[in-house]
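Chain identifiers are assigned alphabetically (A, B, ...) following the order of the sequence lines, protein sequences preceding nucleic acid strands; residue numbering begins at 1 within each chain.
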There are 2 protein chains.
Amino acid sequence: MATLADVASLAGYNKSTVSRALARPEMVAPETLTRILAAADQLGYVLNRTASQLARGRTGLAAFVVPTLENAFFAPIIGGAQARAAESDLHLTVTVASDVTALERLAAQVDGLILAAPRGTDADVTTIGAIKPTVLVDREVPGLPSVVADTATAIGAVVEGLAVRGHRRIAYIGGPPGSWQDPGREAAARNAAARSGAELTVHGPFPATFAAGVAAADEVLATGATAVVPYATALALGLMLTFRGRDVHVPDDIVVSAETTVTHALGAPGIPAIDVDGEGLGRTAMDLLTTTLLTTALLTDPGERRRLPVKVTWSR
Amino acid sequence: MATLADVASLAGYNKSTVSRALARPEMVAPETLTRILAAADQLGYVLNRTASQLARGRTGLAAFVVPTLENAFFAPIIGGAQARAAESDLHLTVTVASDVTALERLAAQVDGLILAAPRGTDADVTTIGAIKPTVLVDREVPGLPSVVADTATAIGAVVEGLAVRGHRRIAYIGGPPGSWQDPGREAAARNAAARSGAELTVHGPFPATFAAGVAAADEVLATGATAVVPYATALALGLMLTFRGRDVHVPDDIVVSAETTVTHALGAPGIPAIDVDGEGLGRTAMDLLTTTLLTTALLTDPGERRRLPVKVTWSR
DNA sequence: TGAGGTCATGCAACCGGTTGCACAACCGGT
DNA sequence: ACCGGTTGTGCAACCGGTTGCATGACCTCA
């Protein structure tokens, strides 16, 4: 592997000049630049990132932390973040982590963090945020930049729409324990139900998995609900399939909200779909992180908060 | 941030001794070790990986490359790999990538790669393997270490079991174009069908998504099949729910194989379940990678191949 | 023509560990 | 008491870039 010094001696310049030529071409004379570039590609020179990172005190690493990878919800978010990361020349390492100590260890190794739907207390999250620039996804904590999908509003709209369509008894299936989004969604569901005179039962907490949906099904059936609004798609699928096993017809006997791709499959009208722009979340998070990295004002910055709208549609 | 030098001066030793104490405790006197450790944690010292990497000429990074994150199939594999990576003090960066050039760029930045179910030709994969130690998951290519789940055998068993249970017409739903596993699975399904006198129709290719399952449903119904063996769980869910929308009863009218968690939901007997030990795959892959990294014999090593059995169970 | 400026480049000190080698202290055996 | 062999630690040279500062060439304007 060719080094800066190799290129320098071949081109007849000093290491430092070569370094500048490569990093900030406008700082060197045009002729110098062409000579150095020629030498560089003659030798097939590639920047050694490790050395570069050491010298400038940054790792070039950003960590994307999820509480679990089982939930496909995070896939597009990660995809979006990754796409943006590549543009700004960062490596994104995806990590599954929950406890604070693991996060603290991780924080020491990277330039910045994106915490997606972190469990744990505000204090825990703040601790991490104090170590390295941190952006939150689907969670808000005072003083930290964040981007959340406004699913609560969408769920309110869904509950209201269901009531309008004649559903008098609606079940809300809560998300995993510790979920920051859950209380807001539940509240939105409650308000909407109260507003439109429907009765709402709340179930949970449940992890956002297919198996949990299966487990929740009988509890929901017992309430006599004719419509269900689950926290996550995986729950919806578990519910639907189990209803099916119980000979309860979806959506004739009971309606379950899910993503468009899922509700499409049923080919029946009047089913609400909630679609979150995962890639958008990821991209936005990464944008916030890179701007935070540039303005290393760590603690002075109040932390920008963004909310992305969530789309509600009704099949027909 | 405390450095080696800080710890050294606090403990009253030289940098080098501290470095040894931390990296190879058996090389220093016991008392020295305890003093140094005390000083280190009094200062909250953490190794600077970048510096360490530069000095030893390795990046400490391994890349886990998946063709997509939409498929939850990879989640446990990544989890398993990550767990092992942490043990051997490697960072695992999860990356979504498909084209060779992106992989080549990535390969330059890491110590080793795990390619999970890579599409692309054998030559493409070999190219990457020639750059950096590479381990394949769910794919085999001559000369590279790999670990695959023996899903083909499981699928053969499922088809045979279905035939034994009286199904005369069975549909196999193929996986994504370029999938290495697909031909083997299809062949296993064909052989089993032929052996047991059932008729097999093959459909696809389809991406391993819920939406694709939806799209495949009608095609399958048209064949009059009473049992379906899909490539992936997501496909199975799409199929089941769409059958439901078509008023085709699952599993009375048609049986669909899936994972145990899914077939459980139906609460009916005689449904085949195929369960892959994802974490095992991930762990094994990482083990192969670390051994390859130690014996940097890159090209001389023929490449160990491992096959992990896949469990088939029938609900009752 | 000389003072003040700009521009391009070199020098050398970093960044924070790792490691080969030298050296001193101490061991047991003759 | 002497010698070859361990054992534990320090010294200093790396790893491969980055960057503040100094230097000298050249330009401009009074």
Original post:
Is there a side-chain contact between A/L37 and A/L22 (heavy atoms, below 4.5 Å)?
Top reply: yes
**OP:** Specify the separation, in whole Å, of atom NZ of A/K15 and atom P of C/dC14.
**Re:** 14 Å
Original post:
Under the salt bridge (Lys or Arg N to Asp or Glu O under 4.0 Å) test, which residues partner A/D122, sequence neighbours left out?
Top reply: A/R139
**OP:** Kindly compute the distance separating CG (B/L144) from CG (B/L115), expressed to the nearest 0.5 Å.
**Re:** 8.5 Å
**OP:** Would you please enumerate the stems DNA chain C participates in, each stem being three or more consecutive Watson-Crick or G-U wobble pairs with both distances under 3.5 Å?
**Re:** C:1-30 with D:1-30
Original post:
How many Å lie between CE on A/M27 and C1' on C/dG10, as a whole number?
Top reply: 12 Å
Original post:
Is the distance from OP1 or OP2 of D/dT9 to the nearest side-chain N or O of B/N14 less than 4.0 Å?
Top reply: no
Original post:
Is there a side-chain polar atom (N or O) of A/S19 under 4.0 Å from OP1 or OP2 of D/dT18?
Top reply: yes
Original post:
Do any side-chain nitrogens or oxygens of A/Y13 fall under 4.0 Å of OP1 or OP2 in C/dC11?
Top reply: no
Subject >> Separation of atom CD1 in B/I36 from atom P in D/dT9, rounded to whole Å >> reply: 7 Å
**OP:** May I have the distance from B/Q53 (atom CD) to D/dG17 (atom P), rounded to whole angstrom?
**Re:** 15 Å
Which atom pairs link the protein and nucleotides 21-24 of chain D when you take only N or O atoms and keep those under 3.5 Å?
none

Original post:
Say you draw a straight line from CZ of A/R20 to CE of A/M27; how long is it, rounded to the nearest 0.5 Å?
Top reply: 5.0 Å
Original post:
Can you check whether B/H91 reaches B/R49 side chain to side chain, under 4.5 Å on heavy atoms?
Top reply: yes
Subject >> Set of residues satisfying salt bridge (Lys or Arg N to Asp or Glu O under 4.0 Å) with respect to A/E31, sequence neighbours excluded >> reply: A/R35
**OP:** May I have the distance from B/L54 (atom CG) to C/dC14 (atom P), rounded to whole angstrom?
**Re:** 17 Å
Original post:
Taking only residues two or more places apart in sequence or in another chain, which ones pass side chain to side chain donor-acceptor pair (under 3.5 Å) with B/S52?
Top reply: none
**OP:** Give one of base, sugar-phosphate or nothing for B/T3, where a contact means two heavy atoms less than 4.0 Å apart.
**Re:** sugar-phosphate
**OP:** Grab the CG-C1' distance between A/L47 and D/dG16 for me, whole Å please.
**Re:** 9 Å
**OP:** Name every residue in residues 28-35 of chain A that has at least one heavy atom under 4.0 Å from any atom of DNA chain C, in order of residue number, or write none if there are no such residues.
**Re:** A/V28, A/A29, A/T32
Original post:
Can you check the A/N48 CG to D/dG17 P distance for me, whole Å?
Top reply: 5 Å
Subject >> Phosphate-side-chain proximity, B/S52 and C/dT18, N/O vs OP1/OP2 below 4.0 Å >> reply: yes
